[in-house]
**Q** 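Questions regarding the structure given below will be posed in turn.
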2 protein chains.
Amino acid sequence: MEMTKALEDYLKTIYTIETERGSVGVSDIAETMNVKAPSVTTALQRLRKLGLVDYQPYQEVHLTEKGFRVASKIQERFQVLYDFLLLLGIGDEIANLDACEIEHVAHRETIACLTEFLKFMREGPRMPKWLSCFKEFQESGKFPEQCSGL
Amino acid sequence: MEMTKALEDYLKTIYTIETERGSVGVSDIAETMNVKAPSVTTALQRLRKLGLVDYQPYQEVHLTEKGFRVASKIQERFQVLYDFLLLLGIGDEIANLDACEIEHVAHRETIACLTEFLKFMREGPRMPKWLSCFKEFQESGKFPEQCSGL
DNA sequence: GCAAAATGTTAGACTAGTCTAACATTTGTT
DNA sequence: AACAAATGTTAGACTAGTCTAACATTTTGC
């Protein structure tokens with residue numbers, strides 16, 4: 001068997017809940033993911049086969065060490081994408097949804113590139129100005145006066 | 001029934017082949033998508049039910065007017081994503097793969113934002129300089145001297 | 001104009017994912 | 001301690017997508 005997008009989503013959800021609240025039950029996962037309990041059970045059985053969760057029927061769910069590592073990677077990818085979309089001016093709800101989907105498909109190189117981009121934008125001395133010009137361009141469709149120096 | 005990611009891919013492929021070569025056969029689609037012929041047949045039957053292709057068994061495939069419209073939208077989304085990834089410095093092969101996946105999941109707002117970004121980068125008078133600074137930053141991890149004016 | 005090759009379809013199996021309904025276990029309350 | 005409520009699992013159905021193998025149709029070349 002193999003890791004799929006759906007399983008990645010389950011893994012990330014477990015990671016988030018475990019990090020935030022400590023204990024993870026089937027119904028927590030089901031609620032968070034807008035899915036019914038039986039779907040969670042089957043997903044957990046697959047994640048267990050993959051060695052990503054510790055889980056016995058009717059017991060609490062925990063990530064294995066491997067599961068934790070994999071989930072962290074997924075989470076990092078998500079964060080880069082989410083931050084990037086926010087930077088572009090996308091609302092947090094849509095940024096969240098899109099980052100959640102894109103995180104499953106973007107290649108490593110793409111994520112690396114976006115990471116560089118974010119760093120460049122955050123650390124560059126004139127980037128705040130650049131960004132406010134972009135915002136104004138988005139709204140007016142024109143390059144603002146005070147941005148001709150960019 | 002409903003439009004799925006896989007069907008969007010079939011539709012886009014048909015669009016591309018029909019535009020480039022005029023006539024579209026099952027095996028053309030199968031080859032392009034690295035899929036076997038029976039998968040194409042079932043996809044075509046679904047696309048027909050959705051009113052997106054004209055198709056009779058053993059005959060050539062054609063997009064309907066509606067199919068053409070939908071495919072164009074998908075193609076446009078793809079192009080924005082592809083151009084954006086290229087701009088960021090991602091190689092064309094990976095840019096192509098990622099754009100193909102992201103096109104199915106990115107919200108309209110996200111595409112619109114990236115469109116604005118591309119326009120901003122292409123039309124802004126100092127953007128070529130900005131971009132070459134980004135490239136150098138990517139390679140060296142530092143903000144180049146001649147870019148302090150950005 | 002017929003036979004062979006190429007192309008396309010159907011049948012049937014398999015996987016991943018979802019659901020509902022029925023059943024099982026655990027928890028918590030009195 | 002026992003039963004009710006909450007939680008979790010299993011069984012079984014369904015969809016979308018894929019494949020291979022077998023069959024059907026069209027095209028092509030002699």
Side-chain angles (χ1 to χ4, degrees), chain A residues 1-14 17-18 20-63 67 70-71 74 97 100-101 103-105, chain B residues 1-14 17-18 20-63 67 70-71 74 97 100-101 103-105:
Chain A
M1 209 195 2
E2 216 193 64
M3 194 66 174
T4 64
K5 291 173 194 178
L7 290 185
E8 281 184 3
D9 278 333
Y10 281 104
L11 196 65
K12 200 183 76 168
T13 301
I14 295 165
I17 298 175
E18 190 160 4
E20 281 175 1
R21 296 187 232 161
S23 93
V24 187
V26 167
S27 61
D28 300 320
I29 302 171
E31 258 178 62
T32 306
M33 297 185 69
N34 290 312
V35 126
K36 304 296 177 185
S39 307
V40 176
T41 300
T42 44
L44 288 176
Q45 289 164 348
R46 286 184 195 147
L47 288 173
R48 182 175 47 195
K49 272 193 202 157
L50 292 167
L52 298 167
V53 302
D54 259 340
Y55 152 76
Q56 294 301 320
Y58 298 104
Q59 306 298 309
E60 267 182 17
V61 182
H62 291 286
L63 292 179
V70 174
I74 297 170
L97 289 171
C100 268
E101 295 289 335
E103 92 198 354
H104 301 301
V105 299
Chain B
M1 208 196 1
E2 215 192 66
M3 193 68 176
T4 64
K5 290 172 195 178
L7 289 185
E8 282 183 4
D9 278 335
Y10 281 103
L11 195 66
K12 199 183 78 169
T13 301
I14 295 165
I17 298 175
E18 190 160 5
E20 281 176 1
R21 295 186 233 162
S23 94
V24 187
V26 167
S27 61
D28 299 321
I29 303 171
E31 256 179 63
T32 306
M33 299 184 67
N34 290 313
V35 127
K36 303 297 177 185
S39 308
V40 176
T41 301
T42 44
L44 288 176
Q45 287 164 351
R46 287 185 195 144
L47 289 172
R48 181 174 48 194
K49 272 193 201 156
L50 292 168
L52 298 167
V53 301
D54 259 341
Y55 151 76
Q56 294 301 320
Y58 298 104
Q59 305 298 308
E60 266 184 17
V61 181
H62 291 285
L63 293 180
V70 174
I74 297 170
L97 289 171
C100 267
E101 295 289 334
E103 92 198 353
H104 300 301
V105 298

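These values consider heavy atoms only, across backbone and side chains, with no hydrogens, waters or symmetry-generated copies. Fair warning: this is a prediction, and the values are worked out from it, not measured in the lab. Letters A, B, ... are given to chains in the order of the sequence lines, protein chains preceding strands, and every chain is numbered from 1.
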**Q** Let me know the distance between CD of B:E31 and C1' of C:dG8, rounded to the nearest Å.
**A** 14 Å
**Q** State, with a plain yes or no, whether a side-chain heavy atom of A:I14 is found less than 4.5 Å away from one of A:L47.
**A** yes
**Q** Please identify each residue that fulfils salt bridge (charged side-chain N to carboxylate O under 4.0 Å, His left out) with A:E101, with sequence neighbours left out.
**A** B:K5
**Q** What does the B/S/- profile of nucleotides 14-24 of chain D look like, 5' to 3', with a 4.0 Å heavy-atom cutoff to protein?
**A** --SSBBBB--B
**Q** A:E60 has an atom CD; how far is it from atom C1' of D:dT9, in whole Å?
**A** 17 Å
**Q** To the nearest Å, how far apart are B:Q59 CD and C:dG8 P?
**A** 10 Å
**Q** Can you list everything that forms a side chain to side chain contact (heavy atoms under 4.5 Å, CB included) with B:L97? Sequence neighbours excluded, please.
**A**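 Side chain to side chain contact (heavy atoms under 4.5 Å, CB included) check on B:L97 returns A:H107.
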**Q** By side chain to side chain contact (heavy atoms under 4.5 Å, CB included), which residues pair with B:S39, not counting sequence neighbours?
**A** B:Y10, B:V35
**Q** Side-chain contact test, heavy atoms from C-beta onward, threshold under 4.5 Å: evaluate it for B:V24 versus B:E60 and give yes or no.
**A**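 Sidechains of B:E60 and B:V24: no contact.
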**Q** Once salt bridge (Lys or Arg N to Asp or Glu O under 4.0 Å) is applied, what residue pairs with a partner in residues 22-48 of chain B remain, sequence neighbours excluded?
**A**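 Qualifying pairs, neighbours excluded: B:R21-B:D28.
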**Q** For the residue pair B:V53 and B:H62, establish whether any side-chain heavy-atom pair is separated by less than 4.5 Å.
**A** no
**Q** For nucleotides 2-5 of chain D, which of its nitrogen or oxygen atoms have a protein nitrogen or oxygen under 3.5 Å away, and what is each distance?
**A**
none

**Q** Grab the CD-C1' distance between B:Q45 and C:dG8 for me, whole Å please.
**A**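 The distance from CD of B:Q45 to C1' of C:dG8 comes to 11 Å, rounded to the nearest Å.
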**Q** Here's a test for you: under side-chain contact (heavy atoms from CB on, under 4.5 Å), which of B:D54, B:V40, B:L44, B:I17 qualifies with B:V61?
**A** B:L44
